[in-house]
**Q** 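Right, I'll just put the structure down here and ask away after.
Just follow the structure's listing: the first ligand is 1, and inside any ligand the first atom is 1.
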Amino acid sequence: MKRDSFGLYLHIPFCFNKCPYCDFNSYAVSLVPEKEYVSALIAELDFRAYESNWRGKTVKSIYFGGGTPSVFKAKSIDRIISFICSSFAVAEDVEISLEANPGTLTADLLAQFKVAGVNRISIGAQSFNSQTLKTLGRIHSASHTEAAVEAARSAGFRNLSLDLIYGVPGQSVSDFKVDLRRIIELEPEHVSPYGLTIEKGTPFFQSYKSGRLILPPEDDVVQMMEELNSSLSGAGFERYEISNYARPGREAIHNLNYWDAQDYLGVGAGAHSFNSNCEISRRKGTKKVCRRWVNYHLPNRYMKEAIARGKAEASSETLNKQDLIFEFFFLGLRKVEGVSLKDFKERFDQEVKEVYPVLLDVLLDRGLIALTDENLALSERGLLFADSVIENFADPELSARLPREELSDKIVTFPVKEEKKEGQSLKIANS
Ligand code: SF4
């Protein structure tokens, strides 16, 4: 594991409107408490910069996620980036991404973000169909997205990502084909398409339960997934993760860091952090552990804690070897290239085949994985059922103990459902 660098995530939880499908830690506000929130972020960054856990390591990516980071003025983003550069060791070629809602972008704002140091913009296009955008409760139109892309190019951005949603109520396969064509015409470097999921606690969930919201038939959704793959591949994009496509060399460095199960520091309301070599104090001295923690979710509580104490951790856990092995597969198998067998051996001092002696054979027989001398990856078919396949890696002891037939019966496959916890974690842009 590379312990000399990490990804830095900053969560900006404010939006102008709460989309009815969204279960991210985001809040609709008419007045953004920008000054106070920036002070809280800086207080937390200052606290972490002095911790031995992060000192001496290089920041290889900075990611402003949300919520809608583009509700902030460029001078706030500039202040935060300047503070990071003066407090942490930052890689010369650092990737600095900012998620933006097309409805909040102007040419001036984009130009100022560029001057502040942002070098990658992730625009939440979601669709170009006015009815689909309306159903999703988006505040922008297709022309906002097109104008934002043009303004970003004029401002000098050479690394643009666009998000797209499919499987939206009322959306047909031909509607989605038009969305794909229009996204390709805009020539972004990166595309993150994801299938709509109905999340508990959202207005969509209520409407879905009561029968007022009807999702497209599963066959249509599968057809949309197939269209997605063939259109984007035909346009020169490479699929490098379950729901991410990039032109060669334009993969998101920040998100690859998560999928490679490397360290990351998250600051802001509800942000998650992971440190594989974290120092903790014990009665008999200090000890190094793998630790993961999450900040308070509510912005007011977060700001209060961060400003008063520099940190705002709501809860934390230490991870044991079994947790880490599962994380390794849970995250790494999302990548099309899969996980490196050498990396596994270096981290866990064991061969993958020793940990999952029967499971690998069963998954190979079922055509769900591909195994080479270097890598273990999901096969084409396995990618369709990624969640169901990956969850079998959760319990190495069980998979080693169960007889082959029983294990095979246990593996039931369901179509993939993208994880939506970005910026943080497995992302999916959301602005
Ligand atoms: S989807 Fe994006 S813009 Fe909509 S509420 Fe969620 S975070 Fe805000």
**Q** Considering residues at least two apart in sequence or located in another chain, which fulfil the ring-ring contact (aromatic ring centres under 6.0 Å, His included) criterion with Phe344?
**A**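 Once residues adjacent in sequence are excluded, the partners of Phe344 under the ring-ring contact (aromatic ring centres under 6.0 Å, His included) criterion are Phe328, Phe329, Phe348.
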**Q** Mark the output for Phe16 as yes if a heavy-atom distance to ligand 1 is under 4.0 Å, and as no if none is.
**A**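 No, Phe16 has no heavy atom closer than 4.0 Å to ligand 1.
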**Q** Does the residue Arg138 have a heavy-atom contact with ligand 1, meaning some pair of atoms that are separated by less than 4.0 Å?
**A**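 Yes, that is the case, since the closest heavy atom of the residue is under 4.0 Å from the ligand.
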**Q** Is the ring pair His254/Tyr258 parallel, tilted or perpendicular, if the boundaries are 30 and 60 degrees?
**A**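 Geometry flag for Tyr258 against His254: perpendicular rings.
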**Q** Which residues pass the ring-ring contact (aromatic ring centres under 6.0 Å, His included) test with Trp54, not counting sequence neighbours?
**A** Phe6
**Q** Confirm or rule out an N/O/S atom of Cys19, from backbone or side chain, lying less than 2.8 Å from atom 8 (Fe) of ligand 1.
**A** no
**Q** As an exercise, identify every atom of ligand 1 less than 4.0 angstrom from a heavy atom of Cys22.
**A**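 Near Cys22, the atoms of ligand 1 are 1 (S), 5 (S), 6 (Fe), 7 (S).
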**Q** Arg291 pairs by salt bridge (Lys or Arg N to Asp or Glu O under 4.0 Å) with which of Glu51, Glu279, Glu313?
**A** Glu313
**Q** Relative to the heavy atoms of Asn17, which atoms of ligand 1 are at a distance of less than 4.0 Å?
**A**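 So the atoms of ligand 1 that pass are 5 (S).
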**Q** Check whether NZ of the Lys or CZ of the Arg Arg309 lies under 6.0 Å from the centre of the six-membered ring of Phe47 and within 45 degrees of that ring's axis.
**A**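 Because its charged atom misses either the 6.0 Å distance or the 45° angle limit, Arg309 does not stack over Phe47.
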**Q** Of all the atoms in ligand 1, which lie at a distance below 4.0 Å from a heavy atom belonging to Cys15?
**A**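 Within the 4.0 Å cut-off of Cys15, ligand 1 contributes 3 (S), 5 (S), 7 (S), 8 (Fe).
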